[in-house]
Structure formats: structure tokens, C-alpha cells
Peer 1: 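First the structure, then my questions, so here it is.
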Amino acid sequence: LTWGDNAHCQCLVDASTAAMLPTPMQVACKRPMRSLAAGWECSLLIDNTGSLWGGGANRGSCLSEEDGERSLRFARLDLPELDGVPF
């Protein structure tokens, strides 16, 4: 379930569809997730294979160094700094 401010896609829903989710809504996810971290402007998830997924504001390149400061849609994050780190 997700709800709240979605100005940066941090609720894992396209912000052009809904910038605010005032009531909890089910988010379709095609793979089982085992961990979730919800921040002020971004969300991170770890799936059952240990892959890191995220979406939301990319301030300071916290989600991707290649995408500048723009908001990112929910996607698998390839962060070389985390290679070999067990989740």
C-alpha cells in the first residue's frame, strides 16, 4: 500500500497521474519484495533476489548518478558501490 505526497513519484506511482494519494492505494508489483524503506522524497525496495529498486527524487544523485537531479520512476537500481553487499 502507498499514500501521501507523490510529487517525485516516491509512492511508486507516476506523478503525472497522481501528485497526491490521500488514501492508501494498492501498488501493482510484479515480483515479491522483502524490504522497504520509505523516505521523504524517495522509496527503496529489495526484492527476493537481493536486487535494489527505487523511485522518487534523485537529489544529490542518491538514486542514480547518471540521471541528474530529476525524479525517477520506480526501477531497478544498478549501483556499483553496492556490488557484493548482501541484502
Side-chain angles (χ1 to χ4, degrees):
L1 293 175
T2 187
W3 67 93
D5 182 8
N6 189 47
H8 303 283
C9 305
Q10 66 266 37
C11 289
L12 311 178
V13 175
D14 186 356
S16 65
T17 303
M20 174 60 82
L21 303 170
T23 57
M25 127 180 203
Q26 185 74 34
V27 176
C29 194
K30 297 179 181 175
R31 62 188 36 161
M33 297 291 175
R34 68 176 187 205
S35 297
L36 164 72
W40 186 257
E41 295 181 330
C42 66
S43 297
L44 297 169
L45 297 104
I46 298 173
D47 69 16
N48 282 345
T49 68
S51 293
L52 180 65
W53 297 75
N58 192 37
R59 295 184 201 279
S61 301
C62 64
L63 297 173
S64 170
E65 292 181 347
E66 299 168 357
D67 290 297
E69 296 285 315
R70 67 185 182 89
S71 294
L72 303 177
R73 290 184 177 190
F74 181 63
R76 186 174 182 278
L77 303 176
D78 293 314
L79 301 173
E81 298 84 3
L82 295 178
D83 285 349
V85 175
F87 290 110

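Predicted model only: the values in this text are computed from it and were never measured. Both backbone and side-chain heavy atoms feed into the values below; hydrogens, waters and symmetry mates do not.
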Peer 1: Can you see which heavy atom on Ser71 is nearest to which on Ala57, and at what distance?
Peer 2: OG-CA, 4.1 Å

Peer 1: Any idea which heavy atoms bring Gln10 and Ser43 closest together, and the distance?
Peer 2: O-OG, 2.5 Å

Peer 1: With rounding to the nearest 0.5 angstrom, report the CD to CG distance, Glu41 to Asn58.
Peer 2: 11.0 Å

Peer 1: Any idea which heavy atoms bring Phe74 and Met33 closest together, and the distance?
Peer 2: CZ-CE, 3.9 Å

Peer 1: Testing Leu36, Leu52, Leu77 for side-chain contact (heavy atoms from CB on, under 4.5 Å) with Leu45, which one passes?
Peer 2: Leu36

Peer 1: Rounded to the nearest 0.5 Å, how far does CH2 of Trp53 lie from CD1 of Ile46?
Peer 2: 13.0 Å

